[in-house]
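Lettering follows sequence order; numbering is per chain, from 1.
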Amino acid sequence: MASTGRKSYFIGKVARYSLTLFIILTLNFLLPHLMPGDPVTNIFGDDARHAGQAFIDRLKEKYGLNKPLHEQYVDYLVRVATLDFGYSIEKRAEVADLLGKRVYWTTLLMLPAVVISTGLSVALGALMGFRRGSRFDKVMTTVALVVYSCPFFLLSMLAITLFSFHLDLFPLGNFTSGGKAGLAYAVDVAYHMALPAAVLAIVFSSYNLLVIRNLIVQISSEYHVFVAKSKGLRNWQIIGRHLLRNALPQILSLIALDLGFMISGALIVEVVFSLNGMGTLIYDAIRVGDYPVLQGAFLVIAISVLAANFLAEMLYGLADPRIGDSAGKQDR
Amino acid sequence: MRKLLGIAILSMLIISTMIAGCTSTPATTDNSTKTTDAGSQGIKKLVVGTTSEVTDLNVGDYYFLILREIYIVPGLIRVSENGSFVPELAESWECADGKRWLVHLQKDAKWHDGTPLTTDDVIFSIDYLKKAELSPTFEWIESMEKIDDHTFIMNLIKPYSNFPTEICDLQVIPKHVFKDVADPLTFNDAKAAIGYGPYKLGSFDRDAGILTLKAFDDYYGEKPAVDEIEFRYFKNQDTMIMALKKGDIDTTYNYASPLKYYYVPGLMQTDRLKIEVQDNLGVPHVLGFNCNKSFPYNNAEFRQAVSYALNYEEMKNLIVGGYGETPNAGLVPAGNPHYAQTRPLTQDVAKAGAMLDSLGIKDTDTDGFRNLPDGGKFQPVITVRQDKVDDVRAAELVKKYLNNVGIDARIDIVDKATYRKAVNTDRSFDLDIFSIDPGIIILHAAYGTWFTDSRETGYTNINNQSFLVLIDEMLGTTDESRRKEIATVFQKTYEADMYGIPLVWSDNIYAYDKKYAGWGYSPIWGPMSIETITDLHLA
């Protein structure tokens, strides 16, 4: 029964996410056609107004803009499936190429930040929640609130000013110093990423650990925790087996959100540390009306958020044994 | 509770200390790879910081175009330090009627890959780039005639005596590379960087944000004193200034956008840096009127009234931090050739009010703001680009001054495309804020006419036929004394008719490592000019 319930849970989720993806793709296609104004400008961006007519005609031919709408839709779905997101006149490049490079570097920056912040948040948040009211809890809560309230730009500039400028511990920006290969290149990239990733990890942690702390406080008040303490279990056993285990579904949701939106980059950090990531790509595209890039970025981020949430829901289903039971009961 | 408060205060103190520590001396960097051999006057590497990031090695990339124009393909002619036209790829040129230009190329010019440069490359470039619609310069050229491998004639569609300003921008491209390229705008390749100038492309590492240029040994002109120029890209000026203070870079450069004044105090505290201030031969902020619109925008007295409403002293202090002067009337700052003295612009609120009253622009509905003579609301809109933050600031100040004389001015902050549409395409704006770069003030018939000729652009959208006739005469005449007379008439017309009001004349601020001397300043390119790279040496 439980396995049947779990199976229907997973199938239901797959169906729901597939439908959501289809709706997003369709909206993404329809948007430039529904916007007021010249459709060519809506599709190719404001630079289309100043590009040569011959060039525009070639682009229209390539992307089938002279065909009926339903044929364009089918072509669009085929192009998306083959990762062809159009052409950016502003950047003079295929959108897929632009996104590919930026997603790569953004992932390299954000993934360590998300992983580190997750580890920090879970560890510190659990301790804070378990020791609610203690000096440690008060100090960490204050620090987290101060960091969370601090403008992101200020934090980034403070970090680069102190650690790169005054102490000369880190470089002032970019992904690498150039001229390196192999292991030396990898180490150089890690060295350049360390400070911006650390800033991001601290900022993400400041929010997440407060959420986790409050979760743990809530769960700590439940009867099974009282029983665990009465049994004489050690603190780390209570935290690991009873508190975190029960908070796992919500923690997975938090991580999923962070991972999903990771692809959208961090504009402020990218500007301060001179990193060409998704944040600056999107910002530049907004500034100049580069709609192909915006549409491509929107799709990539939407798919990323969907995928992360889908993964979280799958893990949710595995982590919470009650899910199979409740779904099974509904089937009877 | 008290403990919590104490922790919060301690945290704030720590953060404040860190902020205060930002003004102290940084750890310095010893970049010995970019210093020279002891006793040598040549410089191995000059490291330049910039926020003008090259996206790709493409002839259509704006910032790569700038670098190409200065170092890689410096045009047939260039503008020297003193503002005169000097030979570059063109050894000499002649024109008797402004229409038929005979040009002699440098006979020993070579492409960076060793291929000889000939007339065929020039003719190919003009035809190819014209079809690609990459430059308005080529619209002037009706036909080309090849005389020999190093001589040709350009026939223009009509006389244009100021054509040398256009062919400064004329970037010749290698025929042997581009003849196989169907679309130059999609050609992102190192071969797009092949030129004939004093520097060739060394490397471009996008992830490291570094583009290097190396001196070209077979350059036909004077050999550069700098073997290699390394451009390092930053996404914000603050980080770039930190790199300058640390010694990671020797100087900074952004075309038509020198250092902001608020960096100067911090830079002055760094002993190894020197600050230089040069006159800006352009106008950083101009309030333009749509002179072809209905009353009152088409009325010279109204525009004069507005000029008396503005506080130029305050704008000088707030926009450029005092690094500049209050302007004179007209669109041509002092220092430009054939500069004609016009009246200094001053604020006279009473006079502005009286002039507006005399035009019938009075507050008839007693809401505190003036109405049009027919009683209708008068709410002029100042259109300004959102990406030009100083223009936005200037617009805010102008709005304040206009409000003070009873004009209910509004501001419309728009993106670049919307601005272009409103100002140059639809010409639907009321007032606009624009800037006149030193490189553009000399274009067209010079003296800012590219901005005032409504057949070219709409920044002031003038509908003054006699003025346009004068522009055509300036374009057609090669008589220098007549050109000087017309230049004076232009400037006096600007003074009388006030098509645009300059808000401030600014200085250009540059900072560089004191260990180098011999910086030249091109009126168009600033310190990163050919004069600099030939004259730079250890101090």
Side-chain angles (χ1 to χ4, degrees), chain A residues 41 45-47 49-55 58 87 89-94 97 101 105 135 138-139 141-143 145-147 150 154 157-158 160-162 164-169 171-180 188-189 192 270-276 280 284 286-289, chain B residues 3-5 7-8 10-12 15 18-19 21-22 24-29 51 53 55-56 58-61 131-134 182-188 203 205-210 212 230 232-236 238-240 242-243 245-246 248-249 386-387 415-418 420-421 425:
Chain A
T41 309
D46 290 326
D47 278 283
R49 291 192 200 140
H50 308 286
Q53 189 54 47
F55 185 67
R58 278 198 301 278
Y87 184 81
I89 298 176
E90 166 70 18
K91 298 276 189 203
R92 292 165 303 282
E94 297 290 331
D97 289 339
K101 286 173 197 156
W105 284 111
R135 192 180 300 183
K138 287 175 185 171
V139 168
T141 302
T142 308
V143 169
L145 283 171
V146 167
V147 169
C150 217
L154 175 62
M157 284 306 295
L158 281 174
I160 201 172
T161 304
L162 179 62
S164 298
F165 182 59
H166 288 290
L167 299 178
D168 202 16
L169 292 174
L172 276 169
N174 293 109
F175 289 118
T176 93
S177 305
K180 292 181 166 59
D188 186 53
V189 169
H192 277 77
E270 289 173 29
V271 169
V272 170
F273 290 93
S274 303
L275 303 171
N276 276 327
T280 46
D284 289 343
I286 291 170
R287 267 195 321 110
V288 301
Chain B
K3 280 187 187 169
L4 209 60
L5 187 61
I7 290 162
L10 186 63
S11 308
M12 289 299 158
I15 291 171
M18 285 160 74
I19 295 171
C22 290
S24 65
T25 319
T28 53
T29 303
T51 54
E53 187 179 358
T55 311
D56 233 313
N58 185 296
V59 295
D61 184 295
K131 283 181 185 151
E133 298 178 42
L134 264 179
D183 189 348
L185 290 179
T186 58
F187 187 52
N188 298 328
S203 62
D205 188 334
R206 206 175 281 104
D207 299 328
I210 295 176
T212 60
E230 180 179 290
R232 290 199 190 170
Y233 296 109
F234 297 87
K235 284 206 173 297
N236 74 93
D238 297 308
T239 316
M240 185 174 70
M242 279 192 234
K245 287 182 185 176
K246 259 184 82 176
D248 287 354
I249 57 178
Q386 71 182 26
D387 57 319
D415 58 72
K416 186 169 80 171
T418 307
R420 278 192 201 170
K421 190 169 187 290
T425 312

Please classify the contact between [X] and chain A as side chain, backbone, both or neither, with a heavy-atom cut-off of under 4.5 Å.
X        : value
B:Phe187 : neither
B:Thr239 : both
B:Asp207 : both

Check: Taking every heavy-atom pair that is under 4.5 Å apart, which of B:Asp61, B:Asn58, B:Asp387 has the most such pairs with chain A?
Finding: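 Top count of heavy-atom pairs under 4.5 Å with chain A: B:Asp61.
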Do you know the tightest heavy-atom contact between [X] and [Y]?
X        : Y        : result
B:Phe234 : B:Ala243 : CZ-CB, 3.6 Å
A:Ser177 : B:Ala208 : C-CB, 3.8 Å
A:Cys150 : A:Leu154 : SG-CD2, 3.7 Å

Note to self: With a 4.5 angstrom heavy-atom cut-off, is it the side chain or the backbone of A:Leu145 that approaches chain B, or both, or neither?
What the structure shows: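 Answer is neither: A:Leu145 stays 4.5 Å or more from chain B.
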Check: Is it the backbone or the side chain of A:Thr141 that comes under 4.5 Å from a heavy atom of chain B, or both, or neither?
Finding: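 Looking at A:Thr141, nothing touches chain B.
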Notebook entry, point to check: Taking side chain as C-beta onward, heavy atoms only, is A:Phe273 less than 4.5 Å from B:Asn236?
Noted result: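 No, their side chains stay 4.5 Å or more apart.
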Checklist line | Rounded distance (nearest 0.5 Å) linking atom CZ of B:Arg232 with atom OG1 of B:Thr212 | finding: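 Those atoms lie 11.0 Å apart.
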